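Everything below concerns the one structure shown next.
In what follows, residues are counted from 1 in the order of the sequence shown. If you're wondering where the values come from, they're calculated on a predicted model, not measured in any experiment.
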Amino acid sequence: MYVVVNAAQSVDGKLATRRREQLRISGPEDFDRVDRIRAAADGVLVGVGTVLADDPHLTLDEEDRRVQRLRNGRPGHPARVVVDSTGRTPTDARILDDAATTYLLVSEATPPDRREELRAAGAEVIVAGDERVDIDAGVGALGDHDIERLMVEGGGEVIYSCFSAGLVDELHVYVGSMVIGGRDAPTLADGEGFVDTFPRLELDGVERLDDGVVLSYEVVESAERSDDAE
Ligand SMILES: NC(=O)c1ccc[n+]([C@@H]2O[C@H](COP(=O)([O-])OP(=O)(O)OC[C@H]3O[C@@H](n4cnc5c(N)ncnc54)[C@H](O)[C@@H]3O)[C@@H](O)[C@H]2O)c1
Ligand SMILES: Nc1nc(=O)c(N)c(NC[C@H](O)[C@H](O)[C@H](O)COP(=O)(O)O)[nH]1
C-alpha cells in the first residue's frame, strides 16, 4: 500500500481549534491541490474524530477536468475509509451516502448489532483489532479491495498512528498564515508521541499557494519501533 498523508495546519502546527470545529485553513488553490491528491488515490481515509467534527463527504469536484484526468479512466470517486474502533460513525453521516463505497475499519469492540446497523446504512465493515483498530491490519485489508494508493486526510490521532505503524510514504502539509493556539487543539501528529526513534523525512518540494506554503516530504525512515508500543 502506498500512503500519502495530506493536512492543513496553522503556522503553530494546529489542524483545528481546541473546540475541534471545522476551520478553513486552506484557500481555494490549496483545496484544488487536495482534490488532485484525492483523485490520484484509490481511497481517502479519515478518523472518526474527523467524521464527528466535520461530517466530511470526501468526494471529488466532478466538474474539474484536471481532477477527472487524474482518475486515469477510473469512474466515480475514490473509496472512503473511516477508522472507527467502536462504530461511532452516525448512520446519517454524509460519508455513508451512495456517492462512493465507504469502508469502516472497526475493532472487535463494535458489537455485532452495531456492525449490522452500519452495513444497513451503506458501509462495508472491516474488523481489524481487538479494542482499537489495528491500523496496519486495517490498511492491509484495504489491499484486498483494490486499494493500492491511499490518501490519509487526518486528523492528528490517525496521522500519528499511520506514522507509528510505519505506513507513510509521502507527507504534504499546507501551512496557512494564521495562528490557532491552544494546548488542546489537534496538531498534525497527536497520539502518544515519539520519544526515542522518530520518522525522518526528506524535503521534496516547497510551493506557495494562496497566502500559504505547501511543504512536500518523502518519508525516508519510519519509526516502526514506536515508543507507545513499549
Ligand atoms: N486541517 C486539516 O487538514 C484537518 C484534517 C482532518 C481533520 N482535521 C480536524 O482534526 C480534528 C479531528 O482530529 P482527531 O485527531 O480528533 O481525530 P481523528 O480524525 O484522527 O480520529 C481519531 C479517532 O479515531 C479512532 N481510532 C480508532 N483506531 C485508531 C487508531 N489506530 N489510531 C488513531 N485513531 C483511532 C479513535 O476514536 C480516535 O479518537 C477535527 O477538529 C477536524 O476538523 C483537520
Ligand atoms: N486541506 C484541508 N484544508 C483545510 O483548511 C481543512 N480544514 C481541511 N480539513 C480536512 C477535513 O478532513 C475535512 O473534513 C475535509 O476536507 C472535508 O471534506 P469535504 O469537503 O466534505 O469533501 N483540509
Side-chain angles (χ1 to χ4, degrees), residues 1-9 15-16 22 25-26 29-51 53-62 64 66-84 89 93-96 99-105 123-124 126 128 133 135-136 138-175 186 188-189 199 201 204-205 207 209 214-219 222:
M1 182 71 67
Y2 193 86
V3 176
V4 180
V5 172
N6 184 84
Q9 65 171 48
L15 300 188
Q22 193 171 27
I25 300 169
S26 303
E29 291 180 349
D30 191 53
F31 279 121
D32 280 355
R33 184 189 61 82
V34 172
D35 235 22
R36 293 198 295 278
I37 300 182
R38 283 185 185 176
D42 305 309
V44 180
L45 178 147
V46 293
V48 67
T50 299
V51 170
D54 299 354
D55 196 15
H57 199 225
L58 302 185
T59 47
L60 303 173
D61 180 353
E62 289 179 278
D64 187 334
R66 276 192 310 173
V67 162
Q68 290 310 319
R69 266 204 300 277
L70 283 163
R71 295 296 294 150
N72 262 339
R74 291 167 296 177
H77 304 281
R80 301 172 290 188
V81 185
V82 184
V83 181
D84 183 5
T89 296
R94 293 174 73 221
I95 209 162
L96 291 179
T101 306
T102 300
Y103 297 99
L104 292 190
L105 305 182
E124 301 273 338
I126 296 176
V133 172
I135 200 128
D136 197 16
V139 166
L142 296 174
D144 301 333
H145 298 271
D146 292 332
I147 298 179
E148 291 172 6
R149 188 181 175 93
L150 183 68
M151 174 190 189
V152 174
E153 275 210 36
E157 292 285 341
V158 156
I159 292 174
Y160 175 78
S161 287
C162 288
F163 273 111
S164 182
L167 289 170
V168 185
D169 295 288
E170 284 177 32
L171 170 69
H172 303 270
V173 190
Y174 177 77
V175 183
L188 182 71
L201 318 177
D204 228 19
E207 186 185 6
L209 283 186
V214 184
L215 303 173
S216 295
Y217 299 91
E218 187 188 325
V219 179
S222 60

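Summarising the geometry of I147 relative to A79, their closest heavy-atom pair is CD1-CB, 4.0 Å, with the distance given to 0.1 Å. The heavy-atom pair separating L15 from Q9 by the smallest distance is CD2-CB, 4.2 Å. Nearest heavy atom pair, residue A123 against residue L96, reads CB-CD2, 3.6 Å.
The shortest side-chain heavy-atom distance between V219 and D169 does not fall under the 4.5 Å cut-off. Using a 4.5 Å cut-off on side-chain heavy atoms (C-beta onward), V51 and D84 make no contact. Looking only at side-chain heavy atoms (C-beta outward), V168 and S222 stay at 4.5 Å or farther from each other. L188 places a side-chain heavy atom less than 4.5 Å from the side chain of L171.
Shown here are the ring pair (Phe, Tyr, Trp, His ring centres under 6.0 Å) partners of Y103, two or more places apart in sequence or in another chain: H145. Evaluation of the side chain to side chain contact (heavy atoms under 4.5 Å, CB included) rule for D146 yields no partner, not counting sequence neighbours. Q22 pairs by the side chain to side chain contact (heavy atoms under 4.5 Å, CB included) definition with D54, not counting sequence neighbours. The side chain to side chain contact (heavy atoms under 4.5 Å, CB included) search around A39 returns L60, V67, L70, R71, not counting sequence neighbours. Considering only residues two or more places apart in sequence or on other chains, T59 meets the side chain to side chain contact (heavy atoms under 4.5 Å, CB included) condition with H57, H77, R80, A99.
Looking at D204, its side chain never comes within 3.5 Å of a backbone N or O of S216 through a donor-acceptor pair.
Identified under the side-chain hydrogen bond (donor to acceptor under 3.5 Å, both in side chains) test for residues 30-42, with sequence neighbours left out: N6-R33, S26-D30, D30-R33, R38-E153, D42-R74.
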